[in-house]
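All of these numbers come straight from a predicted model, not from anything done at the bench. Residue numbers begin at 1 in each chain, while the letters A, B, ... track the order of the sequences.
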Amino acid sequence: MNIKEYLSKQVRQAMNEAGLPLGSDVLLTQSTRPEFGHYQANGALPAAKKMKTNPRELAEAIVKQLNLENIAEKIEIAGPGFINIFLAPDWLASQCENAIKDSHLGVSRHSTPATVVVDYSAPNLAKEMHVGHLRGTIIGDAVVRVLEFMGDRVIRQNHMGDWGTQFGMLIAHLEDRLSAEQALAEVALDDLEAFYREAKVRFDDDPEFASRAREYVVKLQAGDTHCLRLWQKFIDISIKHSEAIYDKLKVTLLHAHIMPESAYNNDLPKLVAELRKQGLAITDQGAEVVFLDEFADKEGKPSPVIVQKSDGGYLYATSDLAALRYRNETLKADRVLYFVDARQSLHLQQVFTVARKAGWVRDEVSLEHLAFGTMMGEDGKPFKTRTGGTVKLAELLDEAVQRADRLVVEKNQGLSPEERQEIAKKVGIGAVKYADLSKHRTSDYMFNWDSMLSFEGNTAPYLQYAYTRIQSIFRKAGINGELPPGRITLNEEHEINLALKLLRFSETIEQVAAECTPHQLCSYLYELASLTMSFYENCPILKQDISPEIRTGRLRLCQLAARTLRTGLDLLGIDVMDKM
RNA sequence: GCGCCCGUAGCUCAAUCGGAUAGAGCAUCGGCCUUCUAAGCCGAGGGUUGCAGGUUCGAUUCCUGCCGGGCGCGCCA
């Protein structure tokens with residue numbers, strides 16, 4: 001059950017019965033301090049202002065109507081008119097029992113599932129994936145998992161960049177490499193980054209090569225068989241590179257989710273023709289341009305969006321428009337989420353605006369640019385290698401696993417080589433992902449090996465460790481799977497705090513789904529792990545003088561904590577293990 | 001020049017859409033291991049939320065101006 005939602009409903013009803021105007025906000029939040037209870041309703045304050053009455057008296061009238069029998073042990077009015085709700089430990093315990101029985105951990109699903117198209121990852125296939133692709137890929141994947149958990153119908157769309165002008169140069173270079181060395185394309189393209197650099201050097205230094213490259217772009221877009229074959233070869237291998245990364249990262253993107261730019265190629269002429277027909281696009285300096293008054297400057301000069309170049313070529317705005325139309329018409333999206341770098345904000349706003357004006361998106365469809373910031377190095381500048389190059393994602397992840405392995409060895413010598421390797425992988429990859437996910441999406445964030453792998457504070461290893469400590473108790477108690485029969489009773493403060501936090505899983509997930517902010521799930525899990533550790537240290541379970549009733553109650557609480565941690569981390573795409 | 005984003009403890013980050021005394025972690029200092037994994041737990045210090053105004057019962061949050069930083073703005077993606 002979503003406690004916040006439930007209490008909101010009850011308070012809203014009480015407000016209506018107390019004669020407050022309909023539509024008054026309940027303003028129910030978690031209490032900011034323990035002495036203010038577990039939840040507080042602040043709605044009396046703004047309502048009293050509107051009604052020109054005394055807020056405290058209004059709060060009293062609301063409380064008189066508020067029925068939380070057997071749920072709240074105390075309801076207080078404090079300060080200028082805050083309503084503080086103290087939940088009853090017995091009720092919390094019974095809610096925990098409900099969550100234990102429920103395969104979905106008591107998390108409420110969306111009452112009406114939405115069709116959500118999620119555009120994320122979208123690497124440029126001309127190059128290898130680098131650190132710049134990490135955020136969009138990981139954050140998008142976490143949100144996708146959360147939305148599916150909430151019962152939405154999620155359609156993943158990997159809008160890979162496979163159709164830009166660089167491909168002329170790349171396939172020209174590939175052609176030469178294949179004929180000169182008779183090498184397999186797989187070998188020639190083993191290092192995509194180096195391959196790109198070689199092609200670029202030739203493009204810049206060799207005019208003959210450059211003109212052939214330009215020619216190949218035109219031929220490719222015109223459907224020339226030879227060029228298409230080379231292009232396909234290149235694309236196939238580049239996709240394999242990306243999929244190797246997805247595999248390492250445990251990202252849920254599959255081959256079937258790839259819907260690259262080239263997929264919309266045949267749509268583009270039709271799309272521009274339609275924009276012209278509607279009078280939205282006009283010819284300006286030889287190019288087809290849509291002028292938007294919505295983004296006009298102070299002098300009223302509208303902002304231009306070029307949909308076709310003067311040489312007849314199309315741009316990424318055009319294929320983004322085609323993709324959006326497809327998502328509306330064919331995929332029937334209710335929401336379209338774009339996990340795209342913050343720097344493309346203007347571009348996406350323009351695309352959204354053009355699509356709406358052209359009538360390609362139903363009014364009720366929600367178009368959301370979930371922008372994210374840049375990954376910074378420790379100097380506060382965009383993260384680069386020591387020599388100033390881009391950091392390959394593959395190498396970054398390998399280093400994470402190696403570093404984790406060294407730490408695992410240091411902390412625990414009693415592991416088999418297989419266990420050790422497995423743990424190092426889960427810890428290393430988990431640390432990298434969590435470091436990224438735990439920061440607010442929109443801000444730039446600082447990449448630092450030591451803090452993400454320090455195993456202290458708000459890190460993946462800390463959460464994983466909390467989980468293994470609980471598993472260790474079950475091992476010691478000889479329990480695997482079935483819990484002994486019994487009931488949770490909440491007496492100690494540590495037990496109550498833990499139970500309350502466990503029950504807030506539902507409202508946390510709901511918020512993450514609505515705002516697409518996985519860092520809120522991270523904060524929640526960290527606090528949960530922290531309370532679990534306190535409980536672990538302060539409430540003995542298997543010790544001699546613990547009564548069987550208390551023991552089974554605490555074991556049940558432990559099990560719910562472990563399941564919640566595991567489920568929460570799974571929604572972030574991070575693994576847990578029984579030992580570490 | 002125009003537009004968007006950001007500025008919170010020494011450092012890295014939060015703050016549930018305007019709520020009560022702005023919270024964590026790291027670092028610093030002090031406690032706790034013959035007892036369920038000390039990768040841990042318990043405690044202490046640390047703040048004029050960039051600056052100045054404004055809106056109101058109430059502002060880190062909203063508005064205006066300034067300072068400082070990042071990014072974007074017609075033929076790349």
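Comparing A39(B), U37(B), C36(B) by their nearest atom to the side chain of Lys411(A) picks out A39(B). When distances run from any side-chain atom of Gln511(A) to the nucleotides U35(B), U37(B), U16(B), the shortest one goes to U16(B).
Summarising the geometry, the separation between CG on Asn42(A) and C1' on U16(B) is reported as 12 Å, rounded to the nearest angstrom. Atom pair Arg33(A):CZ and G19(B):C1' shows a separation of 13 Å (rounding to whole Å applied). Atom CG of Leu503(A) and atom C1' of U16(B) are 17 Å apart (whole Å). Straight-line distance from the CE atom of Met577(A) to the C1' atom of U37(B): 13 Å, rounded to whole Å.
As judged by a 4.0 angstrom heavy-atom cut-off over every strand, Pro55(A) is placed among residues making no nucleic acid contact. Counting non-hydrogen atoms under 4.0 angstrom, Thr374(A) reaches nothing in the nucleic acid. Here Pro540(A) lies in heavy-atom contact (under 4.0 Å) with a base. When heavy atoms are screened at a 4.0 angstrom cut-off, Asn54(A) is found touching no nucleic acid atom at all. In this structure, Asp578(A) reaches the bases: a heavy-atom distance under 4.0 Å links it to at least one base atom across the strands shown. Residue contacts shown for Leu45(A) include a base, since a base heavy atom lies under 4.0 Å away. Among the protein residues, Ala126(A) comes within range of no part of the nucleic acid, since none of its heavy atoms lies under 4.0 Å from any strand. Residue Glu456(A) is classed as a sugar-phosphate contact, given heavy-atom separations below 4.0 Å to backbone atoms only.
Listed by first and then second residue, the salt bridge (charged side-chain N to carboxylate O under 4.0 Å, His left out) pairs that reach into residues 459-478 of chain A are Arg469(A)-Glu537(A), sequence neighbours excluded. For the salt bridge (charged side-chain N to carboxylate O under 4.0 Å, His left out) condition, the pairs that include at least one residue of residues 23-43 of chain A, sequence neighbours left out, are Arg33(A)-Glu35(A). Legend: salt bridge (charged side-chain N to carboxylate O under 4.0 Å, His left out) pairs involving residues 500-511 of chain A, not counting sequence neighbours, sorted by first then second residue: Lys501(A)-Glu527(A). Applying the salt bridge (charged side-chain N to carboxylate O under 4.0 Å, His left out) test to residues at least two apart or on different chains, none of the pairs has a partner in residues 424-434 of chain A.
The SG atom of Cys516(A) sits 13.0 Å away from atom CZ of Phe372(A), with the distance rounded to the nearest 0.5 Å.
With no hydrogens or angles considered, a side-chain donor-acceptor pair links Ser303(A) and Gln350(A) at under 3.5 Å. Side chains of Asn458(A) and Tyr434(A): a donor-acceptor N/O pair is present below 3.5 angstrom, by distance only. A side-chain donor-acceptor contact under 3.5 Å links Gln40(A) and Asn42(A). Between the side chains of Ser108(A) and Asn2(A), no donor-acceptor pair of N or O atoms lies under 3.5 Å.
With both ends at atom P, the span from G7(B) to U12(B) equals 13 Å, rounded to whole Å. A gap of 29 Å separates the C1' atoms of A20(B) and C26(B), to the nearest Å. Annotation: C17(B) and U61(B) have their P atoms spaced 15 Å apart (nearest Å). Going from the C1' atom of G23(B) to that of A38(B) covers 26 Å, rounded to whole Å. A22(B) and G50(B): their P atoms are spaced 15 Å apart (whole Å). Nucleotides G74(B) and A15(B) are separated by 42 Å at their C1' atoms, to the nearest Å. For the C1' atom pair drawn from G54(B) and G40(B), the interatomic distance equals 50 Å after rounding to whole Å. Rounded to whole Å, the C1' atom of U48(B) lies 46 Å from the corresponding atom of A77(B).
OP1 or OP2 of A38(B) lies within a sub-4.0 Å distance of a side-chain N or O belonging to Arg469(A). Considering only side-chain N and O atoms, Lys49(A) lies under 4.0 angstrom from the phosphate OP1 or OP2 of C57(B). In terms of phosphate contacts, Lys476(A) brings a side-chain nitrogen or oxygen within less than 4.0 Å of OP1 or OP2 of U37(B). For U37(B), the OP1/OP2 oxygens have a side-chain nitrogen or oxygen of Tyr536(A) closer than 4.0 Å. Remark: Tyr524(A) is not in phosphate contact with A24(B), judged by side-chain N or O atoms under 4.0 Å from OP1 or OP2.
For Lys411(A), the side-chain contact (heavy atoms from CB on, under 4.5 Å) criterion is met by no residue, not counting sequence neighbours. By the side-chain contact (heavy atoms from CB on, under 4.5 Å) test, Gln511(A) pairs with Glu515(A), Gln520(A), sequence neighbours left out. Scored by the side-chain contact (heavy atoms from CB on, under 4.5 Å) test, Asn412(A) finds Leu415(A) as partners (sequence neighbours excluded). Remark: Pro302(A) engages Phe291(A), Asp293(A) in a side-chain contact (heavy atoms from CB on, under 4.5 Å) (not counting sequence neighbours).
Listed for the Tyr338(A) side chain is no donor-acceptor partner under 3.5 Å among the backbone atoms of Leu367(A).
A residue-by-residue look at Arg343(A) and Cys539(A) shows that Cys539(A) has its nearest nucleotide of RNA chain B further toward the 5' end.
Under 3.5 Å, the side chain of Glu527(A) and the base of A24(B) form no donor-acceptor pair of N or O atoms.
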Strand RNA chain B in bracket notation, Watson-Crick/G-U under 3.5 Å with | for pairs to another chain: (((((.(..((((.....[...)))).(((((.......))))).....(((((..]....)))))).)))))....

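A glycosidic torsion no more than 90° from 0 defines the syn conformation; C6(B) lies beyond that range and is anti.
Ring centroids of Phe82(A) and Phe36(A) are separated by 6.0 Å or more, keeping the two rings apart. The ring of His159(A) has its center no closer than 6.0 angstrom to the ring center of Tyr120(A).
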Protein-to-nucleotide contact annotation, 5' to 3' order, nucleotides 8-15 of chain B [B base; S sugar-phosphate only; - none; under 4.0 Å, heavy atom]: ----SSSS

B/S/- contact track for nucleotides 42-51 of chain B, protein heavy atom under 4.0 Å: S---------

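The pair Lys74(A)-Glu76(A) meets the salt-bridge criterion, since a charged nitrogen lies less than 4.0 angstrom from a carboxylate oxygen.
Put simply, Phe36(A) rests on the base of A20(B): the two rings are less than 5.5 Å apart at their centres and nearly parallel, under 30°. By the criterion of a centre-to-centre distance under 5.5 Å and near-parallel planes under 30°, the ring of Phe82(A) forms a stack with the base of A20(B).
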Dump the pairs, protein N or O against N or O of nucleotides 73-77 of chain B, anything under 3.5 Å, distances to one decimal.
unit_1 : atom_1 : unit_2    : atom_2 : d
C75(B) : O2     : Ser310(A) : N      : 2.8
C75(B) : O2     : Ser310(A) : OG     : 3.3
C75(B) : N4     : Gln285(A) : O      : 3.0
C76(B) : OP2    : Lys309(A) : NZ     : 2.7
C76(B) : O2'    : Thr165(A) : OG1    : 3.4
A77(B) : O3'    : Glu261(A) : OE1    : 2.8
A77(B) : O3'    : Glu261(A) : OE2    : 2.8
A77(B) : N6     : Tyr316(A) : OH     : 2.6
A77(B) : N1     : Tyr316(A) : OH     : 3.3

